[in-house]
Number of protein chains: 2
Amino acid sequence: MGTTDTTSPVDVQWLTEAEQQDWRAFRDGTIRLFDVIAHELDSNSGLSPHEYEVLVRLSEAPARTQRMSELADDLAHSRSRLTHTIRRMEERGLVERSACSADARGVNCAMTELGWTTLVAAAPLHVQSVRDHLVDVLTPEQFRALGDAMAAVREHLVSGPCHAATEC
Amino acid sequence: MGTTDTTSPVDVQWLTEAEQQDWRAFRDGTIRLFDVIAHELDSNSGLSPHEYEVLVRLSEAPARTQRMSELADDLAHSRSRLTHTIRRMEERGLVERSACSADARGVNCAMTELGWTTLVAAAPLHVQSVRDHLVDVLTPEQFRALGDAMAAVREHLVSGPCHAATEC
DNA sequence: ACAGTTTGGTTGAGACTTCAACGATGCCTG
DNA sequence: CAGGCATCGTTGAAGTCTCAACCAAACTGT
């Protein structure tokens, strides 16, 4: 290689010791938290967090029905992933797919009665789980700050840097 | 079924509207954040976040070597998962396994030179990624609060509620 | 010493995710 | 209305994680 290597000795703004600790605490704590909550949700209801979220979104939608693509965008899932997830949930009778009258390409996904009762049964235990391991561990101010911070991060990701397939 | 259904109408402490917003912001924001960072890390270095973490831990260990079980505990991975991950990394020449002299059951995992250079190459870009999407999006106070909060959550999970396979 | 238990690590099967390729419909412009 | 392009959703293969079963070595108490 030449004399002035322009690609390598990147002039990075490293993290300070304190920042590093905060970042690691955030990463580790979050991962472990999601792990526990996922595990409890699964053993209480047989649902994965993703499936639970699908049911929640559907429960809030008019006629408990939503287009696949909307669902995918809301959940920040790839379409492929959603298709697989919904197929499995359909096999278990939690949701049903049907053609979309407005757009022949589209597919509507509706919650079944079983899906509803499953969600209703799962929700209280899940909420308790979130309380036990997160909300009640923190002071109200801490929890509030957590929500605010991550809302800002989410906002920055969604709108900010030409996310994924958008031209700047 | 009988008259007084004892199993169902659980007396749950539901989340308030505000709590729910904070929880959702935290969940969604975190998931999207990890997604982006993972994607950038992978496209910059071909490493997954898990693999990157393995290399970081090894780089900090004496002789850049650590026992499999320690590694698994540190990373909050199942032993099985770690075995799979390390096997793949070994095939790529990033780490090496060897018998543990002190404990014939044990296996030592050491970072290779390639592992080291891979980590060194990946680190600056990864740090920048974390800055871009998290640290620099927040005020120093917000970031600090985030770290503190999740440190408390982690502490509560690790030490608190007879985690997993420990009797209370 | 020795059965019983615990710990360290691996394995294989099954479930889930990712990624690239695809078919089909809708939109847009000449 | 035809051709080109974007969007909707599905599919299959390959990679990764989970879970239960397993072997081997190390403690434990007798």
Side-chain angles (χ1 to χ4, degrees), chain A residues 31-32 34-43 46-54 65-92 94-110 164-167, chain B residues 31-32 34-43 46-54 65-92 94-110 164-167:
Chain A
I31 290 174
R32 287 174 197 258
F34 286 169
D35 261 17
V36 176
I37 291 179
H39 211 271
E40 292 186 357
L41 177 62
D42 177 57
S43 72
L47 294 170
S48 76
H50 298 309
E51 294 166 340
Y52 182 85
E53 266 310 295
V54 168
T65 300
Q66 222 179 348
R67 284 283 297 273
M68 292 289 282
S69 54
E70 283 181 65
L71 219 41
D73 292 345
D74 283 359
L75 299 169
H77 286 357
S78 70
R79 277 132 206 273
S80 169
R81 181 180 184 182
L82 187 68
T83 296
H84 287 305
T85 303
I86 293 296
R87 178 179 44 70
R88 290 187 292 260
M89 292 178 75
E90 195 171 27
E91 284 167 4
R92 288 194 274 154
L94 298 171
V95 299
E96 266 171 359
R97 278 180 290 190
S98 57
C100 177
S101 50
D103 183 342
R105 294 169 302 180
V107 171
N108 281 326
C109 182
T166 315
E167 104 294 4
Chain B
I31 290 174
R32 288 174 198 258
F34 286 168
D35 261 17
V36 175
I37 291 178
H39 212 271
E40 292 185 358
L41 177 63
D42 178 58
S43 71
L47 294 170
S48 75
H50 296 310
E51 294 166 341
Y52 181 85
E53 265 312 293
V54 168
T65 300
Q66 222 179 347
R67 284 284 297 274
M68 292 289 281
S69 55
E70 283 181 66
L71 220 41
D73 291 345
D74 284 358
L75 300 169
H77 287 358
S78 70
R79 279 137 207 277
S80 169
R81 181 180 185 181
L82 188 69
T83 296
H84 288 305
T85 302
I86 294 296
R87 179 178 44 69
R88 291 187 293 258
M89 292 179 75
E90 195 171 29
E91 284 167 4
R92 287 194 274 156
L94 298 171
V95 300
E96 266 171 0
R97 279 180 289 190
S98 56
C100 177
S101 50
D103 183 341
R105 294 168 302 178
V107 171
N108 281 326
C109 182
T166 316
E167 104 294 1

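Heavy atoms only: backbone and side chains are in, while hydrogens, waters and symmetry mates are out.
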Taking atom C1' of D/dT18 as reference, at what distance in whole Å does atom CD1 of A/I31 sit? 16 Å
Check this for me: B/E96, atom CD, are more than 12 non-hydrogen atoms of other residues, nucleotides or ligands nearer than 6.0 Å? no
To the closest 0.5 Å, what do you measure between CE (A/M89) and CG (A/L47)? 6.5 Å
Side chains of B/H84 and B/R81: do they bring a donor and an acceptor to under 3.5 Å? no
Calculate, to the nearest 0.5 Å, the distance between atoms NE2 and OG1 belonging to A/H77 and A/T83 respectively. 11.5 Å
Do you know which two heavy atoms are closest between B/D73 and A/R32, and how far apart they sit? O-NH2, 3.6 Å
To the nearest 0.5 Å, tell me how far B/L75 CG sits from B/Q66 CD. 8.0 Å
Report the distance from atom CD1 of A/I86 to atom P of C/dA15, rounded to the nearest whole Å. 18 Å
Is it true that a side-chain atom of B/E90 and a backbone atom of B/R97 form a donor plus acceptor pair closer than 3.5 Å? yes
Using atom names, set out every protein N or O paired with an N or O of nucleotides 16-19 of chain C below 3.5 Å, distance rounded to 0.1 Å.
from	atom 1	to	atom 2	distance (Å)
C/dC16	OP2	A/R88	NE	3.2
C/dT17	OP1	A/R81	NE	3.2
C/dT17	OP1	A/R81	NH2	2.8
C/dT17	OP2	A/R88	NH2	2.8
C/dT18	O4	A/H84	NE2	3.3
C/dC19	N4	A/S80	OG	2.4

Value rounded to 0.5 Å, distance of CD1 in B/I31 from CG in B/D35: 8.0 Å
Tell me, for nucleotides 4-9 of chain C in 5' to 3' order, what letter each nucleotide earns: B for a base near a protein heavy atom under 4.0 Å, S for only sugar-phosphate near one, - for neither? ---BSS
